[in-house]
Amino acid sequence: MELKDKLTAIAEKASSEIRVVSSLEELENLRVSYLGKKGEITQVLKGMKDLSAEERPVIGQLANQVRDQLTEQLAVTRQRIETEALNKRLAEETLDVTLPGSKPKKGQSHVITQIMEEIEDLFLGMGYQIIEGNEVEEDYYNFERVNLPQNHPARDMQDTFYITPEVLLRTHTSPLQARTLEQHDFSKGPLKMISPGKVYRRDTDDATHSHQFHQIEGMVIDKHITMADLKGTLETLAKKMFGENREIRLRPSYFPFTEPSVEVDVSCFKCGGSGCSVCKGTGWIEILGAGMTHPEVLKMSGVDPEIYGGFAFGLGPDRIAMLKYGVDDIRNFYLNDQRFLEQFKVKG
Ligand code: PHE
């Protein structure tokens with residue numbers, strides 16, 4: 001075959017092979033087999049030395065032309081394969097930003113915190129201030145300043161964790177009565193406060209008591225405060241916590257820091273007062289202790305009981321939560337079992 005025809009045939013074969021190549025690797029192999037050192041075109045060019053002087057430039061020109069064409073076709077094809085590979089990757093890695101995301105789980109305050117905040121909101125709305133006290137308290141404020149001197153038998157009920165003989169984990173929030181009273185400037189107006197927080201007592205072996213629980217103390221001191229004010233305040237609280245149709249009743253009781261003292265019952269929110277298992281058939285549920293502030297407590301805080309007087313109350317948010325939600329074991333509140341805690345959504 002004439003060299004010219006041979007070149008044309010090689011060019012056509014190479015061109016059609018390159019056209020169907022689909023990988024860079026195949027493309028490189030083709031380049032080597034045509035244009036490499038031992039490639040077919042290179043071989044042809046090498047054979048030129050045997051040609052006549054007339055033929056040489058003609059074949060030479062054709063060979064160069066074929067080489068340039070193939071080089072160009074290889075470059076274009078390389079570009080095509082690279083673009084295809086890139087497009088394929090882009091298509092595979094597409095991110096659909098319109099897909100719905102996974103919702104983060106929304107938590108909520110602990111049920112006791114929710115109840116405390118609800119009560120705080122109520123009293124803030126009635127012009128009370130919220131006082132925070134310390135859980136580590138002096139025996140002096142926890143007991144003596146609320147009229148429970150050393151050896152007073154009522155201390156027994158509140159036996160607790162002592163840190164030193166003078167310092168303890170407070171057994172109730174009542175020390176805040178004395179601490180707030182002694183700070184209060186009555187020339188600026190009446191004292192109206194609540195003080196929520198944790199309190200501690202020796203563990204008793206039953207499901208409704210815990211060595212740590214919560215209380216909210218309340219106190220109002222001014223001129224001319226009566227027991228009717230106390231009853232009205234507690235009725236407002238009971239309605240807020242247990243529903244508008246609730247009533248309360250006061251029963252005589254004893255606390256060293258109030259005189260007279262009362263135990264406060266709310267009409268049963270479950271049966272409305274006819275008697276059921278929640279109210280143990282009585283129609284009433286005990287919710288807190290209260291009373292008119294004892295003159296001694298005022299005196300010890302430097303307040304004249306001839307001029308000033310008022311009331312105090314102490315309630316347990318844990319007990320309110322148990323009653324409200326029918327929880328029969330107080331320890332459920334403190335075990336941090338999410339399945340239990342998740343059930344309580346007082347607010348939205
Ligand atoms: N501190 C009392 C208790 O823990 C409750 C109470 C507070 C009673 C204020 C009367 C007035 O039992």
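Both counts, for ligands and for their atoms, begin at 1 and track the order of listing. Numbering starts at 1 and runs along the sequence shown.
Neither the backbone nor the side chain of H294 comes within 4.0 Å of ligand 1, counting heavy atoms alone. With a 4.0 Å cut-off on non-hydrogen atoms, F313 touches ligand 1 through its backbone and not its side chain. Under 4.0 angstrom from ligand 1, the non-hydrogen atoms of A290 all belong to its backbone.
Close approach of ligand 1 to G314 (heavy-atom distance below 4.0 Å) involves ligand atoms 6 (C), 7 (C), 9 (C). For ligand 1, the atoms closer than 4.0 angstrom to any heavy atom of Q177 are 9 (C).
Few gaps surround CD on E92; more than 12 heavy atoms of other groups in view lie less than 6.0 Å from it. Around CD of E247, the count of heavy atoms belonging to other residues, nucleotides or ligands within 6.0 Å does not exceed 12. Annotation for K46: atom NZ counts as buried by contact number, over 12 foreign heavy atoms lying within 6.0 Å.
Aromatic rings from H224 and Y308 are positioned such that their centres are separated by 6.0 Å or more. For Y162 and F143, the ring centers sit 6.0 Å or farther from each other.
Nearest heavy atoms, K49 versus R56: O-NH2, 3.7 Å. Here the closest heavy-atom approach between residue I287 and residue R319 is recorded as CA-NE, 4.5 Å.
Assignment of M157 to the shell around ligand 1 is not supported, since no heavy atom sits closer than 4.0 Å. Heavy atoms of E263 stay at 4.0 angstrom or farther from ligand 1. For F311, the heavy-atom gap to ligand 1 stays at 4.0 angstrom or more. The closest approach between a heavy atom of Q215 and any atom of ligand 1 is below 4.0 Å.
An N or O contact shorter than 3.5 Å links S174 to ligand 1 by distance. Residue-to-ligand polar distances place R201 within reach of ligand 1: an N/O pair is separated by less than 3.5 Å. Ligand 1 has a nitrogen or oxygen under 3.5 angstrom from a nitrogen or oxygen of H172.
A salt bridge between R179 and E138 is present, with a side-chain N of the basic residue lying under 4.0 Å from a carboxylate O of the acidic one.
Summary of contacts: the protein heavy atom closest to atom 2 (C) of ligand 1 is F257 CZ, 3.7 Å.
Side-chain atoms of T236 and L122, non-hydrogen and from C-beta on, do get closer than 4.5 Å to each other.
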